[in-house]
Enquirer: 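First the structure, which I've put down as structure tokens, then a few questions once you've had a look.
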Amino acid sequence: MRISRRLFIRDGVATVGLGFAAPAFLHAIAQAQAVSSRRLVVVYLGGGNDALNTLVPYQDQSYYSRRPTIAVPAGQVLQVGSDASGRALGLHPRLGGLWNVFNEGRLAIVQRTGYQNSSRSHFEATDTFGTANPQSSIGSGWLGRYLDTLPRPIDSLTAWNTTGETPRALMSGKTGVPAISNASTYTFASPNRGKAATEERAAAEAMAANAAPGRPHLAFVNSTSRSAIETIDRAAKALSYQPTVAYPNNGFALALRTVAGAIVNGIGSRVYWVQTSGYDTHAQQGAGGGSYGNLMGTLGDGLGAFYNDIRNRGLIHDTTVIVFSEFGRRISENGSGGTDHGAAGLMFVLGGAVRGGLHGTAASLQPGHPTLENSSGDVRFETDFRSVYATVLDQWLGVDSVPILNGDFRSGPQIL
Amino acid sequence: MALDPDIQHLLRRAGFGAGAAENDIFARMSPGAAVAYLVDYEGRPDDVDARMGRPDHAQVVSRDLFSPDLDIDDARQRWLFRMIHTRRPLQEKMALFWHNHFATAYSKLNADSGAMQAAKMMVHKPGALRGPLGQIELFRQYGLGSFRDLVVRVAQDAAMLVWLDGKSNTAARPQENFGREVMELFTIGVGQYTESDVYAAARVFTGWNLQKSEGYRKDDPNAYQAFAYNPDEHDTGAKTFSFAVNAGGRTIPERGASAGLQDGVDLITALATHPETARRLARKFWHFFISEAHAPDPQFIDSAAAVYLQNGTEIRPVVRYVLGSPWFRDPSVQFARYSWPAEFVVRAIKEVGWQGYSLDQAKTPLANMGLLLFEPPNVGGWPQGGAWFSTGTMLARSNFASSLVAGQKAPLASSLSADGQTASGLLAAMLERISPAPFDAAPRQVLASYLLAGGAWSGNPDQLETRAAGLARLLVGSAEYQLV
């Protein structure tokens with residue numbers, strides 16, 4: 001039996017990372033190494049992305065018969081050719097920003113990603129993608145375990161989470177990850193001015209230095225506090241970044257702009273976490289437009305701006321982005337003009353070193369076809385999501401994926 | 001005189017901490033009497049809303065007419081006001097608990113029905129306007145009643161019917177959203193049901209839809225949407241589950257459409273009285289009321305679950321049991337919980353002061369701390385425990401301390417003028433007023449040094465005002481203060 005999500009968050013507290021440690025001299029080293037070092041940006045689409053409307057099998061008649069009101073019309077898709085099984089595919093019409101990257105040969109689309117007995121629970125499935133262990137959605141995350149392999153002492157901005165909450169994937173035994181999303185509050189404010197204010201910041205930092213032996217919860221908050229105060233000044237540089245392109249004015253794009261600022265300013269972070277939500281489209285999701293169209297617009301325009309900005313800076317060859325969601329959705333639309341929780345999804349990988357193109361094969365949506373499961377209600381997975389992680393770990397971040405993933409998943413698609 | 005530590009502990013957990021009002025009420029009460037006082041709150045007047053606008057209370061402000069039943073930002077202020085000034089702290093605490101348990105987000109309601117109707121579905125308190133109770137008001141009115149009845153009310157709540165799409169759940173095309181979450185999140189929990197149970201549950205709730213009031217216009221304050229059972233849209237066939245749903249077994253029998261509403265009531269009754277629901281609620285109460293530093297004691301879970309089941313899913317006896325239990329009274333669980341941002345903000349306001357403080361100022365800080373009321377991140381509610389804390393959310397807490405204190409410099413200094421004649425007197429008085437977990441020697445020394453960092457203590461008005469404010473900011477922004 002699995003434990004409820006809240007419980008694993010609580011029980012995970014001990015693993016949430018008591019290891020913020022960063023002597024000041026390390027900042028200089030990190031900066032010196034930053035320009036040449038590779039970095040990974042992980043984008044999570046929260047809620048379970050409807051992969052069949054992201055990458056549309058626009059010649060599959062069952063796609064249209066099973067989605068009478070939400071299928072994307074064939075004439076609207078952004079064609080990306082046919083996959084190895086000969087199925088013609090097209091991106092959602094609002095993914096123009098990603099289509100451009102595809103046409104430059106730098107967007108890999110990995111079809112039918114997932115795992116055996118896919119969970120249809122948001123929380124369990126999200127945690128499974130985080131732990132990279134379908135047998136257990138508790139404990140540390142795959143990125144946290146990667147961070148734990150890096151030599152100590154470790155710079156406190158080795159990873160950068162642009163959301164408020166630490167995701168499962170970044171939870172680790174010994175590496176804390178700062179959460180830096182909002183420039184206006186990532187400061188240390190004081191009710192006084194001048195010397196007293198400076199003294200308050202110094203006092204707060206000194207109080208947070210208490211390792212609080214025997215009081216692990218207090219120690220955890222203190223370490224968070226210490227890391228916060230210590231990263232304020234460097235984070236401010238990234239947060240005031242002036243990009244080379246206009247980013248859309250939404251939270252997702254602004255987070256990507258912050259990541260670009262950190263990259264361009266040589267902060268030295270190796271892993272960035274970005275997420276955008278609203279993908280739990282049970283109702284009125286629309287076809288080419290509508291609410292799902294808006295989600296696609298946010299995704300494509302944001303990633304497109306980020307890609308162009310980093311490319312303009314000459315840093316795209318050191319940057320890889322992966323995009324995932326916790327599950328795909330049902331093939332047939334429901335009575336609310338939406339889709340319920342399903343199984344296999346898709347992953348995107350983009351960047352200057354990526355081997356673009358269509359990887360894996362699309363399902364046939366005709367009932368009874370072996371690419372389906374759950375009485376033909378859902379798409380069956382073909383590529384284990386961990387094989388994408390393995391490629392990123394082995395070939396991009398340069399570590400051995402086997403101990404991090406607790407298994408050998410190195411035979412995945414050739415995306416890098 | 002500070003309250004007895006056991007009473008302070010009780011007020012932090014079953015309420016929002018102790019301000020001046022609680023210090024008066026609880027000064028001579030035994031812990032047992034205090035539990036009864038809090039749990040049997042119907043004996044206390046529910047007069048808090050009528051005190052909005054009084055100059056000696058925290059302030060509520062609005063761009064135009066203050067409309068806490070129709071405007072979500074006004075409703076946020078009303079709820080904070082209630083948390084600060086209520087004579088029934090446990091009522092608001094349970095409302096917050098259930099808001100997280102049945103986590104429903106205003107933004108989806110807004111996209112569906114517009115801002116006014118969305119706010120009304122979330123927070124309407126019947127009085128001047130027509131329409132059913134808002135969802136939060138359900139929690140306030142029935143939060144200590146039968147859990148089974150509460151789930152039925154929630155399943156028929158307009159906000160929930162929009163949030164989990166029940167309003168479009170029809171026989172021809174069942175909608176799985178509510179059917180799944182009522183099992184996974186509201187009752188038995190993941191691992192206790194199968195995928196085919198999800199399909200069956202979706203069919204059970206077909207026809208549980210919404211009806212608009214006559215002449216409905218979304219910008220009409222008296223318009224509303226309310227639950228309506230639509231027999232034409234109900235799937236009348238039998239539904240079979242992997243667990244018992246009635247005395248006869250695992251199947252809800254075929255029923256005529258006119259009687260089909262009973263399907264949902266039967267399923268909810270089965271779920272609410274399921275032993276795993278009892279245990280799951282017991283675990284949640286352990287973490288909410290007792291400790292996040294200690295794993296739930298199996299003996300506690302068994303006992304609390306038994307109280308729940310023996311009392312026909314009534315919550316009041318369970319909460320009374322929890323707050324009176326030896327686990328709750330164990331000194332090691334004091335400050336063994338991470339405060340939720342709303343608990344932190346309200347306790348800070350109660351302890352630091354609210355003179356001229358407008359509660360709309362708390363909205364953005366709360367959002368930055370990760371808890372915007374009426375806007376949980378998803379149907380699972382807010383991630384809790386250590387998950388409340390990241391560098392960004394910790395700075396948001398610390399900076400809230402600064403902005404709150406900045407507005408209270410003069411009243412703080414004047415109330416501390418006697419104790420502030422010496423630096424040590426100021427520190428002692430402030431630690432009695434603001435109640436962090438005990439400081440180890442090193443941080444306590446940092447606080448003492450901070451008071452003298454500007455030079456020897458003279459206690460002159462400038463020095464007192466500056467250092468009292470700085471000290472309050474350091475205390476409220478400390479790690480110790482984040483624990484409750």
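Everything numeric here is computed off the predicted structure, so don't read it as measured data. Proteins come first, then strands; the chains are lettered A, B, ... in the order of their sequence lines, and each starts at number 1.
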Enquirer: Return the CH2 to OG1 distance between B:W388 and A:T224, rounded to the nearest 0.5 Å.
Expert: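 B:W388 CH2 to A:T224 OG1: 15.0 Å, rounded to 0.5 Å.
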Enquirer: Under 4.5 Å, counting heavy-atom pairs only, tell me which of A:A196, A:A202, A:A228 racks up the most with chain B.
Expert: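 The residue among A:A196, A:A202, A:A228 with the greatest pair count is A:A228.
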Enquirer: Using non-hydrogen atoms and a 4.5 Å limit, figure out which bit of B:L164 sits close to chain A: side chain, backbone, both or neither.
Expert: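 Nothing of B:L164, per the 4.5 Å heavy-atom cut-off to chain A.
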Enquirer: Counting only N and O atoms by type, is there a donor-acceptor contact under 3.5 Å from the side chain of A:H282 to the main-chain atoms of B:W163?
Expert: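 No; judged by distance alone, with no hydrogens or angles, the pair does not exist.
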Enquirer: Does any backbone or side-chain atom of B:E480 lie under 4.5 Å from a heavy atom of chain A? Answer side chain, backbone, both or neither.
Expert: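 Looking at B:E480, backbone and side chain both touch chain A.
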Enquirer: Chain A heavy atoms under 4.5 Å from B:A453: which part of the residue, side chain, backbone, both or neither?
Expert: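 B:A453 touches chain A through backbone and side-chain heavy atoms alike.
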Enquirer: Given that the side chain runs from C-beta out, which part of A:N161 has a heavy atom under 4.5 Å from chain B: side chain, backbone, both or neither?
Expert: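 When you check distances to chain B, no heavy atom of A:N161 falls under 4.5 Å.
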Enquirer: Hey, could you give me the CZ/CG distance between A:F188 and B:L395, rounded to the nearest 0.5 Å?
Expert: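 Taking CZ in A:F188 and CG in B:L395, the distance rounds to 8.5 Å.
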Enquirer: Please report the interatomic distance CG(B:L474) to CZ(A:R201), rounded to the nearest 0.5 Å.
Expert: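 B:L474 atom CG to A:R201 atom CZ measures 13.0 Å (nearest 0.5 Å).
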Enquirer: Let me know if B:E176 has heavy atoms under 4.5 Å from chain A in its side chain, its backbone, both or neither.
Expert: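 Its backbone and side chain both get close to chain A.
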Enquirer: Which bit of B:P436 comes within less than 4.5 Å of chain A, counting heavy atoms only: side chain, backbone, both or neither?
Expert: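 Contact with chain A: none, neither part.
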Enquirer: Is B:R173 reaching over with its side chain to a backbone N or O of A:E333, donor-acceptor style, under 3.5 angstrom?
Expert: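 Looks like yes, one N/O pair under 3.5 Å.
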Enquirer: I want to check something: taking the side chain as every heavy atom from C-beta on, are B:N378 and A:H122 in contact at a cut-off of under 4.5 Å?
Expert: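 Answer no - side chains too far apart.
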Enquirer: When heavy-atom pairs shorter than 4.5 Å are enumerated against chain A, which of B:P438, B:S107, B:A401, B:G407 gives the highest number?
Expert: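 If we count pairs closer than 4.5 Å to chain A, B:P438 comes out on top.
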Enquirer: So, B:S390 side chain and A:G164 main chain: donor-acceptor pair closer than 3.5 Å or not?
Expert: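 Checked: pair present.
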Enquirer: Under 4.5 Å heavy-atom distance to chain A, tell me which part of B:D440 shows up: side chain, backbone, both or neither.
Expert: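 It is both, since atoms from each part get that close.
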Enquirer: Sort A:S336 into side chain, backbone, both or neither according to what part of it lies under 4.5 angstrom from a heavy atom of chain B.
Expert: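 Interface part for A:S336: both.
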Enquirer: Chain B heavy atoms under 4.5 Å from A:A203: which part of the residue, side chain, backbone, both or neither?
Expert: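 Both backbone and side chain.
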Enquirer: Would you check if the side chain of B:R473 reaches a backbone N or O of A:N192 as a donor-acceptor pair within less than 3.5 Å?
Expert: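 Checked: no pair found.
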Enquirer: What part of A:A212 gets within 4.5 angstrom of chain B, counting heavy atoms only: side chain, backbone, both, or neither?
Expert: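 Both the backbone and the side chain of A:A212 come within 4.5 Å of chain B.
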Enquirer: In Å and rounded to the nearest 0.5 Å, what is the CE to OH distance from A:M207 to B:Y450?
Expert: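 The OH atom of B:Y450 is 11.5 Å from CE of A:M207, to the nearest 0.5 Å.
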Enquirer: Under a 4.5 Å heavy-atom cut-off, does chain A meet the side chain of B:E181, its backbone, both or neither?
Expert: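 Contact with chain A: side chain only.
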Enquirer: If you count heavy-atom pairs under 4.5 Å between each of A:Q284, A:R215, A:K195 and chain B, which one has the most?
Expert: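 Maximum pair count with chain B is reached by A:R215.
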Enquirer: Heavy-atom cut-off 4.5 Å, strictly under: side chain, backbone, both or neither for B:Y481 against chain A?
Expert: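 For B:Y481, no heavy atom lies under 4.5 Å from chain A.
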Enquirer: At a 4.5 Å cut-off on heavy atoms, which part of B:P377 comes close to chain A: side chain, backbone, both, or neither?
Expert: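 When you check distances to chain A, no heavy atom of B:P377 falls under 4.5 Å.
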Enquirer: Is it the backbone or the side chain of A:S291 that comes under 4.5 Å from a heavy atom of chain B, or both, or neither?
Expert: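 The answer is neither part of A:S291.
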Enquirer: Chain B: which of A:T187, A:I232, A:D280 shares the most heavy-atom pairs with it under 4.5 Å?
Expert: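 Counting heavy-atom pairs under 4.5 Å, the top option is A:T187.
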Enquirer: Indicate yes or no: at least one non-hydrogen side-chain atom of A:L218 is less than 4.5 angstrom from one of B:F335.
Expert: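 No. Closest side-chain heavy atoms not under 4.5 Å.
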Enquirer: Quick one: of B:Q482, B:K409, B:K108, B:R180, who has the most non-hydrogen atom pairs under 4.5 Å with chain A?
Expert: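 Option with the top pair count is B:R180.
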Enquirer: Would B:R467 and A:E199 satisfy salt bridge (charged side-chain N to carboxylate O under 4.0 Å, His left out), going step by step from the backbone distance to the final call?
Expert: CA-CA 10 Å; B:R467 295 292 155 174; A:E199 287 160 5; 2.7 Å; yes
Enquirer: What part of A:N222 gets closer than 4.5 Å to chain B, counting heavy atoms only: side chain, backbone, both or neither?
Expert: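 Both parts, backbone and side chain.
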Enquirer: If I measure from the heavy atoms of chain A, does B:A442 come under 4.5 Å with its side chain, its backbone, both, or neither?
Expert: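 Neither; nothing under 4.5 Å.
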Enquirer: What part of B:L471 lies closer than 4.5 angstrom to a heavy atom of chain A: side chain, backbone, both or neither?
Expert: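 Nothing of B:L471, per the 4.5 Å heavy-atom cut-off to chain A.
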Enquirer: Could you look at B:L483 and say if it's the side chain, the backbone, both or neither that has a heavy atom under 4.5 Å from chain A?
Expert: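 B:L483 touches chain A through side-chain heavy atoms alone.
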Enquirer: Check each atom of B:T466 against the heavy atoms of chain A and say whether the ones under 4.5 Å are side chain, backbone, both or neither.
Expert: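 Contact with chain A is through both the backbone and side chain of B:T466.
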Enquirer: Does a sphere of radius 6.0 Å around CZ in B:R444 hold more than 12 heavy atoms from other residues, nucleotides or ligands, not counting ones at 6.0 Å or beyond?
Expert: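 Open.
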Enquirer: Under 4.5 Å from any heavy atom of chain B, what part of A:S277 do you find: side chain, backbone, both or neither?
Expert: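 Neither the backbone nor the side chain of A:S277 comes within 4.5 Å of chain B.
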Enquirer: Between CD of B:E195 and CG of A:D378, what distance do you get to the nearest 0.5 Å?
Expert: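 Separation between the atoms: 7.5 Å.
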